[in-house]
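Note that the structure is a prediction, hence the values are computed from the model and not measured. Numbering of ligands and ligand atoms starts at 1, following listing order.
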Amino acid sequence: MMSTKIASDRKIRVDEILGAFGMKASATVTGVAYGGAFHDDASGAPVETRDPSTGEVLAHVRTASTNDCRRAVTEAHEAFSRWRLVPAPHRGEIVRRLGDGFRARKEDLARLVSLENGKILSEARGEVQEVIDICDLAVGQSRQLFGREIASERRDHRLVEQWHPLGVVGIISAFNFPLAVPGWGWALALVCGDTIVWKPSSLTPLISIAAQQIVHEVTAGTEAERIFSLVIGGGSSIGEALLADERVPLIQATGSCALGERVSVALAKRSGRAILELGGNNAVIVLADADLKLALRAVVFGTVGTAGQRCTSTRRLILQRPIAKRFMEHLVAAYKTIGIGDPLDDTTLMGPLVSQSAVEEYRDGLAEMQRQGGRLVYGGNVLADRGGYFVEPAIMRSTVDMPICKEEVFAPIVHVFEVDSLAEAIAVNNSVPQGLSSGLFTTNLAAAERWLSSAGSDCGIANVNAGTSGAEIGGAFGGEKATGGGRQAGSDAWKGYMRRQTCTINYGSELPLAQGVTFPVD
Ligand code: NAD
């Protein structure tokens, strides 16, 4: 438990961090905003948000009722009828200012992310930087929302493709990337001419309220004033209300594979579209010819970084037999040096898990792995004496036939397997339902190319001599199979936020039909 002195220092810190956004510890704040303003009369069931480092209540949050959610969608729908007419580069100018708003508040936001989510400050700064980066990318994209011209088979005809804004985008986001991942969606959707209704995780409401404040500061008095709404509330109430609302043509959903199934079913019923960013079960393969130092650093960041609470966290380590013993010795030695503690302290490498139920998932996951034949090599303890939700990172010797190895346990636990060959390693990598991220460590060019070939990794992200975590926003981000198939961020991910239209223009005086069909009418 914390001493009185540490507890009072922590309280001062918490007050400072919340104060930067006009919030006070233990006070009530509003988590519903639409039409350019927060709504203190929001009538959903209030929620508490807790400091994962102490377990203490940070604030009480007024949430949205389904009625509030409907009103937010109505506002966003009306705003869309105007926003879609604003020239895209002008929409880009608003997103540029939004990026500047985040840039100006980067440190304040990072400290709030670290406080409420529990990720270490360096990663929290990276998270805010990712929002800034995607805004920069989206500004350029706002001048590049181009279609293509296709050769027409008919004389005096032109065949073109163009892209139009889609409508209201419902963004349902997870606790573990409370800004960056929803940010990938906002920035692109806004330049594409869509408006936003955002339902963040109820585990990180203060971060989303702070982001909404920045949106209001930037958009107040502009043509963008009403384009961005916030509806904090439960998945089964507000999440479901968004899924069911036919005025929301696209849902961007980030969360577990179970969430993805629910979203897919609900949207299929009304032919809605989804961008799904779901759970991962990511592997790193280390071949015998690899640069082991490089591999070790990547594996430790992938397994322990963000306390194992990234969609891209390394959950499976596949070692080629000749180096397996040596690599494991280095891995255990590295784990022993990991400073676990207050995520706001610069020397900490691993903060707490996000909640008590995350601690239970860790504990239950480890017990089940051992029941199925796994052997615990390192860690496995809940650090209950510290208060908050701290655990040790754990290493488990597992076998690929253990059913639990096919599941994502969202905690800092890595399974270790040994293999003889690259072919066997690829088979193990591809043997799980999820298909998000993967990495191969080798100095052999042929092995690297085999890994990247169509017979290699089946994941949306396949790296060589780089770990599973830490993607740049320039590339399209997302995964295959149960990870949902969605793509966000760079490359051509913007197309997911628009509707495509194919246009045929006849500038002649005849009416030839395609495929040579004749239909003479006088
Ligand atoms: P979660 O699935 O518990 O919740 C995610 C969001 O879905 C929350 O906002 C929640 O309220 C909402 N939700 C829950 N039930 C719903 C329903 N029936 N209808 C509509 N919305 C509903 O996930 P989490 O614990 O917040 O986050 C961790 C998970 O997210 C992990 O599985 C992780 O891998 C995944 N994730 C994936 C990516 C990616 O890009 N692939 C990124 C971040 C997190």
Side-chain angles (χ1 to χ4, degrees), residues 31 44 47 52 61 63-64 66 69 116-119 127 130 170-185 197-205 207-208 230-245 248 251-267 272 274-282 306-315 353-355 357-358 360-362 365 407-411 432-437 459-461 468-471 473 475-489 493:
V47 295
V61 182
T63 68
T66 49
C69 184
E116 192 181 36
N117 165 289
K119 67 176 67 177
E127 165 132 23
E130 211 163 329
I171 297 187
I172 296 176
S173 59
F175 80 85
N176 67 323
F177 274 97
L179 287 178
V181 178
W184 294 341
V197 177
W198 178 26
K199 194 214 88 62
S201 165
S202 303
L203 289 170
T204 49
I207 298 166
S208 45
L230 175 70
V231 284
I232 295 176
S236 56
S237 53
I238 301 309
E240 288 286 343
L242 277 177
L243 298 185
D245 198 318
V248 182
I251 296 282
Q252 170 185 312
T254 311
S256 57
C257 295
L259 169 73
E261 278 181 36
R262 178 63 208 129
V263 174
S264 300
V265 169
L267 291 184
I275 297 175
L276 297 177
E277 296 288 355
L278 310 172
N281 191 353
N282 317 293
T306 331
Q309 297 175 119
R310 285 191 185 219
C311 51
T312 53
S313 288
T314 306
R315 311 237 172 258
L353 297 185
V354 72
S355 64
S357 71
E360 274 143 33
E361 183 175 349
Y362 167 85
E407 292 171 28
E408 179 193 48
V409 176
F410 211 59
V432 295
Q434 309 83 354
L436 181 51
S437 186
C459 296
I461 298 167
T468 54
S469 274
I473 53 105
F477 182 93
E480 300 301 329
K481 304 193 290 183
T483 304
R487 290 296 185 277
Q488 289 183 309

Atom 21 (N) of ligand 1: protein heavy atom closer than 4.0 Å?
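Answer yes: something from the protein, a heavy atom, is under 4.0 Å.
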Does some non-hydrogen atom of the protein lie less than 4.0 angstrom from atom 3 (O) of ligand 1?
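Given the 4.0 Å cut-off, atom 3 (O) of ligand 1 does not count as touching protein heavy atoms.
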Any salt bridge between Lys199 and Glu240, counting N to O under 4.0 Å?
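Looking at Glu240 together with Lys199, the answer is no, because their closest N to O distance does not fall below 4.0 Å.
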Please list, in number order, the atoms of ligand 1 under 4.0 Å from a heavy atom of [X].
X	result
Gly239	19 (N), 20 (C), 21 (N)
Arg262	18 (N)
Asn176	43 (C), 44 (C)

Can you tell me if [X] contacts ligand 1 (heavy atom of the residue under 4.0 Å from the ligand)?
X	result
Pro200	yes
Ser202	no
Gly479	no

Counting heavy atoms under 4.0 Å, the part of Ser173 that contacts ligand 1 is backbone
Is the shortest N/O to N/O distance between Arg310 and ligand 1 below 3.5 Å?
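In this structure, Arg310 places no N or O atom under 3.5 Å from an N or O of ligand 1.
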When you measure from atom 23 (O) of ligand 1 to each heavy atom in Gly478, Ala180, Gly255, Gly460, which option holds the nearest one?
Gly255
